[in-house]
Amino acid sequence: MAGWETWAAFLGYAAPMIISPGPGNTLLATAGGRHGVGGSVPFWAGFEAANLALCLIYGLGLGGALHEHPEIHTALKWAGVVYLLYLAWGFFRASAKPSSQAAGGKRLGFIDGFICVIFNPKIHSMIAVMFAQFLAPDANLSSQVGQLSAAFVVLGLFCHFPWIYGGKVILGRFESPRALRIQAAVFGTSMLLVALYVVLN
């Protein structure tokens, strides 16, 4: 497909976008802190599966539909806001539990990871721009979409692991019920702030 210059440009675009803070990476860190790397694998797998699904959908046509019908983007935006508020509510509920119950916490699974990505406006924008920038009109579409999608998912694996491991190392040090309640309150507030950012933009 493309030469090394194009792949270098792709890495320069995608790596900072994938590794930068956002609701998805915050949840990856939370999963790592609560359940360790091994316990985060189902959530992480759902996260990357949704990234692959979005890449294929955008690469093979949804990007054009979004351009022609901006109301689709608006619907996705508000669905994302609702999902962020749902996450915030879950965190605040955990922070309000008595200390004896705070250490439990629901483990995020494959479906949670998938939904987290599907309702994340940042990831939709990132993937749409990626295909707008790196699809060559004179080359085979399905081949390009396959290569870019695979590269995006592999890069995601490398960029998301530090969030999970960092959550395990940093948040895992604070395992008392009180510390877990404080973490839940902080993450709930983070989700509210991200939702407000999405609404205002």
Side-chain angles (χ1 to χ4, degrees), residues 14-54 76-97 102-127 129-130 152-153 155-201:
M17 294 295 288
I18 293 171
I19 206 167
S20 62
N25 287 336
T26 300
L27 285 173
L28 288 167
T30 303
R34 291 275 175 95
H35 308 294
V37 175
S40 304
V41 167
F43 178 75
W44 190 13
F47 202 94
E48 304 304 349
N51 277 329
L52 177 60
L54 284 183
L76 288 171
K77 170 183 171 177
W78 287 107
V81 168
V82 169
Y83 183 64
L84 289 167
L85 294 175
Y86 166 76
L87 292 174
W89 176 71
F91 281 124
F92 287 131
R93 278 186 60 208
S95 72
K97 286 182 179 178
K106 174 185 176 287
R107 184 169 299 208
L108 296 170
F110 183 92
I111 298 299
D112 297 302
F114 198 90
I115 291 172
C116 176
V117 169
I118 294 299
F119 288 152
N120 188 332
K122 174 192 169 187
I123 296 176
H124 282 270
S125 300
M126 183 194 322
I127 292 173
V129 171
M130 176 183 80
F152 186 84
V153 172
L155 189 59
L157 290 170
F158 283 101
C159 291
H160 293 140
F161 177 76
W163 282 93
I164 297 171
Y165 188 74
K168 174 184 178 295
V169 170
I170 297 169
L171 300 176
R173 294 175 184 266
F174 306 98
E175 296 182 337
S176 71
R178 182 172 180 272
L180 291 174
R181 288 171 59 203
I182 291 170
Q183 286 178 35
V186 168
F187 285 127
T189 303
S190 298
M191 293 299 104
L192 284 180
L193 292 175
V194 173
L196 180 63
Y197 173 81
V198 171
V199 168
L200 296 177
N201 288 275

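All values below come from the heavy atoms of this structure, side chains included, with hydrogens, waters and symmetry mates left out.
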Can you name the side-chain contact (heavy atoms from CB on, under 4.5 Å) partners of [X], sequence neighbours left out?
X    : value
M126 : Y13, M17, I18, K122, I123, F152
A53  : F114
L52  : L56, S149, V153

### Query
Of all residues at least two apart in sequence or in a different chain, which pass the ring pair (Phe, Tyr, Trp, His ring centres under 6.0 Å) check with Y165?
F161
Closest heavy-atom pair and its distance - [X], [Y]:
X    : Y    : answer
C159 : I19  : O-CG1, 3.6 Å
A15  : L155 : N-CD2, 3.6 Å
L27  : C116 : CD1-SG, 3.7 Å

Exercise answer: donor-acceptor pairs, residues 37-48 side-chain atoms, under 3.5 Å, sequence neighbours excluded:
unit_1, atom_1, unit_2, atom_2, d
S40, OG, A31, O, 3.1
S40, OG, G32, N, 3.3
S40, OG, G36, O, 2.6
W44, NE1, E48, OE2, 3.0
E48, OE1, N51, ND2, 3.2
E48, OE2, H160, ND1, 2.5

